[in-house]
Student: 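Structure in structure tokens, see below.
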Number of protein chains: 2
Amino acid sequence: MTASRSKSAARTAPADGVEAGLPLPGSVVTINDIARLAGVSKKTVSRVINASPLVRPDTRDRVTALMRQVGYVPDPQARGLAFRRSFLIGMVYDNPNAQYIVHVQNGALDTLRDSGFELVVHPCDSRSGEFIEGVRQFVQRQKLHGVILLPPVSENPDLAEALRALGVRYVRVASVPLDDAPHMVVSNDREAAGEVAQYLDSLGHRNVALIAGPSTYRSAHERGGGFTEALEKRGIVLPPTHVAEGGYTFESGVACAERLLALRPRPTAIFACNDEMAAGAYKAAYRLGLKVPEDVSIVGFDDSPLASRLWPPLTTVRLPIRDMGRQAAAQLMATAPAPAGTLTPYLAVRDSCQPPAR
Amino acid sequence: MTASRSKSAARTAPADGVEAGLPLPGSVVTINDIARLAGVSKKTVSRVINASPLVRPDTRDRVTALMRQVGYVPDPQARGLAFRRSFLIGMVYDNPNAQYIVHVQNGALDTLRDSGFELVVHPCDSRSGEFIEGVRQFVQRQKLHGVILLPPVSENPDLAEALRALGVRYVRVASVPLDDAPHMVVSNDREAAGEVAQYLDSLGHRNVALIAGPSTYRSAHERGGGFTEALEKRGIVLPPTHVAEGGYTFESGVACAERLLALRPRPTAIFACNDEMAAGAYKAAYRLGLKVPEDVSIVGFDDSPLASRLWPPLTTVRLPIRDMGRQAAAQLMATAPAPAGTLTPYLAVRDSCQPPAR
DNA sequence: CTGAAAGCGCTTACAG
DNA sequence: CTGAAAGCGCTTACAG
């Protein structure tokens with residue numbers, strides 16, 4: 001036993017006589033090397049790694065300096081095994097919007113950078129019955145440190161319940177508070193949609209129409225509701241005939257806009273609850289020989305890259321998506337309860353609106 | 001010692017008297033539980049897990065059935081520690097195109113599904129001098145099983161060299177073979193660009209122009225070169241005046257198209273080497289009061305979602321991006337050398353081209 | 001403030 | 001074909 005132990009020590013020691021016995025660059029340094037080099041026990045090194053206060057300051061400094069010098073970083077796998085959890089954050093989503101996904105990913109990675117944590121992506125199909133079981137296995141198998149849920153799966157109460165039961169940290173990104181503050185990052189879509197109403201009113205539009213989102217999305221309620229309410233507050237009514245429910249897709253935007261633009265008198269402005277549908281409204285208008293914004297003003301929501309690439313550039317609501325990703329990861333990493341994140345989108349005015357004709 | 005061992009055994013045993021001593025659902029089952037329940041050593045269970053042939057068939061079947069029955073899945077962290085590598089695949093990219101990223105991610109996950117491997121995303125900034133060191137640390141610290149590199153970082157020879165030196169598996173996704181076959185997934189952009197030339201020729205265009213990509217991208221060479229060559233083969237010359245180098249961005253597309261559309265006689269068709277720039281060409285044309293395709297035909301490349309949302313819908317080259325992600329992951333997982341992947345894009349004809357006027 | 005022992009859940013030699 | 005011992009690189013009790 002003693003023999004095998006010293007053999008092991010020899011293996012992790014430098015291959016040749018480097019002064020002070022420093023490991024060669026490239027060779028993998030372990031906690032044992034640091035302990036031996038620093039002349040302390042590995043437990044003390046462990047305390048330094050985990051920022052325990054139970055280390056004498058000069059011991060801590062010596063060990064820290066040594067770790068930096070040899071470029072030692074503790075093995076997350078070994079640490080994870082001992083801790084019974086990993087240093088991985090999961091991102092769970094069922095969302096067709098690539099731009100949204102990538103922005104949140106980048107935001108989360110902004111706060112994860114240099115933390116030793118990594119981001120593991122997990123798209124899923126929330127229409128499949130076993131998707132919650134799939135997420136559960138993912139979380140449990142990988143012993144995730146936490147999970148970020150994106151809409152619309154973030155709105156699923158059963159999923160949140162399952163995660164709570166597992167005892168894993170999670171943050172839900174949504175347009176409305178569905179959970180207690182530490183578990184939420186919310187974007188105030190309702191308020192932003194109100195700004196759209198105010199803007200159209202200020203331009204003089206009275207006969208406006210709405211392309212709503214699918215009622216299965218909370219954001220659709222917030223956006224459509226916020227718009228309608230703000231309109232009413234200003235004395236503008238939105239009759240049911242002037243509301244069409246789309247599916248957040250380009251094609252549904254085309255169909256809804258065709259219906260709305262056939263109304264007489266024709267609405268002078270349309271608010272589409274996302275940019276995809278607004279692009280569809282452009283298409284419908286063009287096909288009818290109508291010009292934007294001369295014949296009809298159009299506003300979108302999301303400020304996707306599409307918005308600025310359309311002609312004319314689309315006035316839309318900018319969602320601070322990357323910030324939401326940052327905030328979500330921050331709440332997951334927080335030791336103390338983090339301040340909950342509510343982020344308010346704002347109107348990006350471009351060229352798709354003008355006062356109504358005459 | 002013996003005492004503590006039996007204490008440990010007691011801890012992992014069922015909390016109450018379930019028949020046959022099966023662990024409770026939800027309690028975490030380990031290899032020791034399976035071994036005890038199956039009446040074999042943990043080493044034998046390990047052999048079954050790792051599909052070793054050195055297990056008697058009936059033993060294997062018994063252990064397999066038991067594992068399934070109690071829902072046992074080996075802990076990737078513990079396995080990783082012993083194996084000295086993890087069950088994680090890294091995806092490294094420095095690419096502004098969200099659609100591209102998400103498609104490749106989804107493709108890779110298609111092949112990773114149910115494999116026990118997970119995908120860890122690692123965007124980076126290839127203009128920063130230390131980005132290779134950053135990737136090296138990422139790979140080494142996480143003991144990645146393999147890495148997928150996306151263009152343009154996939155084209156970086158120093159990065160590939162560093163990965164080779166680390167001894168980690170990697171696959172480079174690019175538009176041209178830059179490495180030996182097992183390390184490459186290539187899309188035949190050159191051939192596809194040739195199809196564009198053929199298509200425009202077949203419509204009768206002789207005075208065509210090219211908005212090329214940035215010369216720092218290999219794909220730009222392939223697309224621009226493939227187009228020019230195919231044109232020449234058909235007796236159509238592309239004078240330097242009719243080539244503008246863009247940066248694969250919307251804005252650069254606007255600027256390039258403005259320059260090209262100012263030529264006299266005005267080109268009757270423009271091939272933009274990606275959809276972003278093609279969208280820019282639309283904008284330039286509209287600003288000049290030109291109609292697409294009546295006054296000028298436009299072709300893009302990528303078939304991004306943008307393409308079908310523009311008005312009129314853009315004729316473009318469809319890149320099989322998700323397939324490329326699938327293929328890349330497959331090559332990483334392959335035990336035997338996998339057949340190298342070359343995937344050829346094809347022309348998606350929509351409404352942005354017609355024969356030139358008169 | 002510091003350390004020796006045992007353990008996290010698995011695999012690699014080494015024996016049989 | 002099967003198993004007991006030692007080890008992967010770290011941490012958790014437990015002592016001092």
Student: Starting at atom CG of Asn50(B), determine the distance to atom P of dA13(C), rounded to an integer number of angstrom.
Tutor: 13 Å
Student: Could you check whether Arg164(A) pairs with Asp179(A) (Lys NZ or Arg NE/NH1/NH2 to Asp/Glu carboxylate O, under 4.0 Å)?
Tutor: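 Asp179(A) and Arg164(A): salt-bridged.
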Student: From the list dA4(D), dT11(D), dC10(C), which nucleotide is the closest neighbour of the side chain of Arg79(A)?
Tutor: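 The nucleotide sitting nearest to the side chain is dT11(D).
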Student: For Gln77(A) and dC10(C), give me the distance from atom CD to atom P, rounded to whole Å.
Tutor: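 So the two atoms are 13 Å apart, to the nearest Å.
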Student: Of the non-hydrogen atoms in Val173(A) and Ala328(A), which two are nearest, and what is the gap between them?
Tutor: CG2-CB, 4.2 Å
Student: Need to verify one output field. Residue with the more 5' nearest nucleotide on DNA chain C, Lys42(A) or Thr59(A)?
Tutor: Thr59(A)
Student: Hey, which sits more toward the 5' end of DNA chain D by its nearest nucleotide, Val40(B) or Tyr72(A)?
Tutor: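 So the residue in question is Val40(B).
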Student: Under 4.0 Å between a side-chain N/O of Thr44(A) and OP1 or OP2 of dG3(C), yes or no?
Tutor: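 Yes.
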Student: What's the closest nucleotide to the side chain of Leu81(B) if the choices are dC1(D), dT2(C), dG9(C)?
Tutor: dG9(C)
Student: Between dT11(D), dG3(D), dC1(C), spot the one nearest the side chain of Ser41(B), thanks.
Tutor: dG3(D)
Student: Give a yes or no on whether the ring-centroid distance for Phe117(B) and His145(B) is below 6.0 angstrom.
Tutor: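 Yes; His145(B) has its ring centre under 6.0 Å from that of Phe117(B).
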Student: Hey, does the side-chain of Arg47(B) have a donor or acceptor N/O within less than 3.5 Å of a partner on the base of dG3(D)?
Tutor: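 Looking at the base of dG3(D), it does pair with a donor or acceptor on the side chain of Arg47(B) (distance under 3.5 Å).
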Student: Would you call Arg141(A) and Asp75(B) a salt bridge, taking side-chain N to carboxylate O under 4.0 Å as the test?
Tutor: no
Student: Tell me which nucleotide among dC10(C), dT2(D), dG3(C) gets nearest to the side chain of Lys43(A).
Tutor: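 So the nucleotide nearest the side chain must be dG3(C).
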Student: When you measure from the side chain of Ile31(A), which nucleotide among dC10(D), dT11(C), dC8(C) comes out closest?
Tutor: dC10(D)
Student: Using whole Å, what does the distance between atom P of nucleotide dC1(C) and atom CZ of Arg62(A) come to?
Tutor: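 Arg62(A) atom CZ is separated from dC1(C) atom P by 14 Å.
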Student: Nearest to the Phe83(B) side chain among dT11(C), dC10(D), dA4(C), which nucleotide is it?
Tutor: dT11(C)
Student: Measure CZ/Arg84(B) against P/dG9(C) and give the value in whole Å, please.
Tutor: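 After rounding, the gap between these two atoms is 19 Å.
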Student: Taking the side chain of Asp75(A) as its heavy atoms from C-beta onward, which of dG9(D), dT11(D), dT11(C) lies nearest to it?
Tutor: dG9(D)
Student: Between His183(B) and Asp180(B), do the side chains contain an N or O donor and an N or O acceptor separated by less than 3.5 Å?
Tutor: yes
Student: For the side-chain contact (heavy atoms from CB on, under 4.5 Å) test, which of Val153(B), Leu163(B), Asp158(B) pairs with Ile132(B)?
Tutor: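 Result: among Val153(B), Leu163(B), Asp158(B), Asp158(B) is the only option passing the side-chain contact (heavy atoms from CB on, under 4.5 Å) with Ile132(B).
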Student: In whole angstroms, how far is the P atom of dT11(C) from the CG atom of Leu54(B)?
Tutor: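 Nearest whole value for this atom pair: 14 Å.
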Student: Rounded to whole Å, how long is the line connecting atom CZ of Arg85(A) with atom C1' of dG9(C)?
Tutor: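 It works out to 17 Å between those atoms.
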Student: Tell me the partner of dA13(D), counting only Watson-Crick (N1-N3 plus N6-O4 or O6-N4) or G-U wobble (N1-O2 and O6-N3) with both under 3.5 Å; none if nothing fits.
Tutor: none
Student: For dA4(D), give its Watson-Crick or G-U wobble partner with both distances under 3.5 Å, or none.
Tutor: none
Student: Quick one: is Thr30(A) getting a side-chain N or O under 4.0 Å of the dG9(D) phosphate, OP1 or OP2?
Tutor: no
Student: Separation of Ile49(B) atom CD1 from dG9(C) atom P, in whole Å?
Tutor: 13 Å
Student: Assuming nearest nucleotide by heavy-atom distance, tell me which of Ala82(B) and Pro57(B) is located more 5' along DNA chain D.
Tutor: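 Its nearest nucleotide lies further toward 5', so the answer is Pro57(B).
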Student: Is there a side-chain contact between Asn32(A) and the phosphate of dC10(D), meaning an N or O under 4.0 Å from OP1 or OP2?
Tutor: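 Checking Asn32(A) against dC10(D): no side-chain N or O falls below 4.0 Å of OP1 or OP2.
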Student: Let me know the distance between NZ of Lys143(B) and P of dC8(D), rounded to the nearest Å.
Tutor: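 Checked: the NZ to P distance equals 12 Å.
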